[in-house]
Amino acid sequence: MQNKNSIMAHPKRIGILTAGGDCPGINAAIRGVGKTAIVRHGMEVIGISSGFAGLIHKEYTPLSEEKLSGILTLGGTILGTSREKPFKKKGKGTIDKPELIKKNYKELGLDCLVCIGGNGTQKTAYQLSELGMNVVGIPKTIDNDVFGTDFSFGFDSALSIATDAIDRLHTTANSHKRIMVIEIMGHHAGWLTLYAGMAGGGDVILIPELSYNPKVVNQYLKMRAERKKPYSIVVVAEGISRPDGTLSAADYVSKLIEKGTGVETRKTILGYLQRGGSPSANDRILATRFGSHAVDLIVNEDYGKMVVSKDAQIASISLQEVAGKTRLVPADYPLITKARSLDICMGDSCITSKNSSDA
Ligand code: F6P
């Protein structure tokens, strides 16, 4: 069947870039955009290297159906990424990056730019749209902290990795009758820690959105020991507050627990393992749906939007609504309520150690 574009004088030419921290699923999103654009709509697609840096330096590669073959299951990003922030003020005499991007966008003959990234990327995408470029955003991050979407792709894969790691800690904690502290990524948000803590059977879950009292945590863990619980699992978000920012969250919490309970305590910082490897099935599907919907927006010239997942439906919201915001876990989030009803300690108050609330 002839693509309607093939009879058009000028098939749309779109650029795709991937920016910010990498994660599983990015290549599935690139494939979702590319195949929908090329096969369904006869568009031309170029892949821009290393996020916004590639637009500044005009580094790109044409994407074809062949180039997109076999990348659905591939971790990382075939385009590379960077944390380049073109609107970040630099010293006098430095190049005007936004104007250079706009110039290169025109010289590349782009009709639209698809920006795959987290909240920082979506803010830059909005700023570029304000300069007159046609932009569509796709939310990507293991942190799940992009405003306006229930889920970003990358989160589900990281959740599986973190949950598997916590599962493994149970066996070694039990063997040694230890308290195990595991630090989960998430930047300033606690989504990954909350979900992995629940999925992995954590006894204590500490997230940045809820302040915690070390005395409550220690009282709860001591009560568990007195009730002959052979070991405990403590799941902490990397972004929780701590007196001196120098120590990692896991360092700080494991030291305060061992000192306060007298129980042998060990720490694990999961780090970049949460960003590696092949995407989960859910992330492959979500990233593909996001990518394909981004092209639907382009076909309708509905620019300045970010694709979102809302109540399991794929939709879009304006980048203006998203820019500069971070999606944090609400204190009354249902999963927090459920954790409390299971007497999981969220660090502020626990049923088991309620008499320590004045701790
Ligand atoms: O945004 C994803 C993320 O992995 C955060 O969870 C983490 O804090 C940050 O990136 C690490 O940044 P970088 O990859 O620059 O070290």
Side-chain angles (χ1 to χ4, degrees), residues 17-29 49-54 75-77 79-86 88 115-125 137-166 181-197 199-200 205-209 235-242 245-253 267-280 283 286-287 290 306 322-329:
L17 65 80
T18 62
D22 78 319
C23 70
I26 296 179
N27 290 320
S49 306
S50 310
F52 295 104
T77 161
L79 302 180
T81 183
S82 70
R83 291 191 181 277
E84 172 63 55
K85 293 184 174 19
K88 195 167 181 179
C115 299
I116 301 173
N119 39 32
T121 301
Q122 302 312 327
K123 180 179 177 183
T124 301
I138 294 179
K140 164 276 318 165
T141 175
I142 67 166
D143 305 341
N144 209 43
D145 63 353
V146 176
F147 182 84
T149 182
D150 293 342
F151 292 101
S152 298
F153 75 78
F155 174 71
D156 185 69
S157 300
L159 174 58
S160 300
I161 294 164
T163 302
D164 178 69
I166 296 170
V181 176
I182 181 167
E183 179 179 312
I184 305 293
M185 278 186 161
H187 205 203
H188 298 310
W191 295 104
L192 194 51
T193 300
L194 175 61
Y195 274 72
I205 302 175
L206 304 181
I207 60 175
E209 296 90 339
V235 188
V236 303
E238 64 173 344
I240 59 168
S241 67
R242 48 197 182 271
T246 51
L247 287 175
S248 72
D251 272 326
Y252 174 66
V253 171
K267 69 173 184 294
T268 299
I269 298 176
L270 207 43
Y272 295 87
L273 288 171
Q274 297 159 102
R275 302 226 309 246
S278 181
S280 66
D283 270 344
L286 183 59
F290 276 172
M306 184 186 78
V322 178
K325 295 179 189 153
T326 301
R327 178 175 173 265
L328 298 176
V329 184

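Excluded from the calculations below are hydrogen atoms, water molecules and symmetry mates; all remaining heavy atoms, backbone and side chain alike, are included. Indexing begins at 1, ligand by ligand and atom by atom, following the structure's order.
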Q) What does the list of residues with a heavy atom under 4.0 Å from ligand 1 look like, ordered by chain and number? A) R83, I142, D143, M185, G186, H187, E238, Y272, R275
Q) With no hydrogens and no angle check, is any side-chain donor or acceptor of D283 less than 3.5 Å from a backbone partner on S157? A) yes
Q | Option from T18, T121, L17 for which side-chain contact (heavy atoms from CB on, under 4.5 Å) with T81 holds | A | T18
For residues 158-166, which side-chain donor-acceptor pairs fall under 3.5 Å, sequence neighbours excluded?
from : atom 1 : to   : atom 2 : distance (Å)
S160 : OG     : D156 : O      : 3.2
T163 : OG1    : L159 : O      : 2.7
D164 : OD2    : R168 : NE     : 2.8

**Q.** Beyond-backbone contact of V235 with Y195, side-chain heavy atoms, under 4.5 angstrom
**A.** no
Q: Determine yes or no for a side-chain-to-main-chain donor-acceptor pair under 3.5 angstrom, with E183 supplying the side chain and A249 the backbone.
A: yes
Q) Between E209 (side chain) and L328 (backbone), is there a donor-acceptor pair under 3.5 Å? A) no
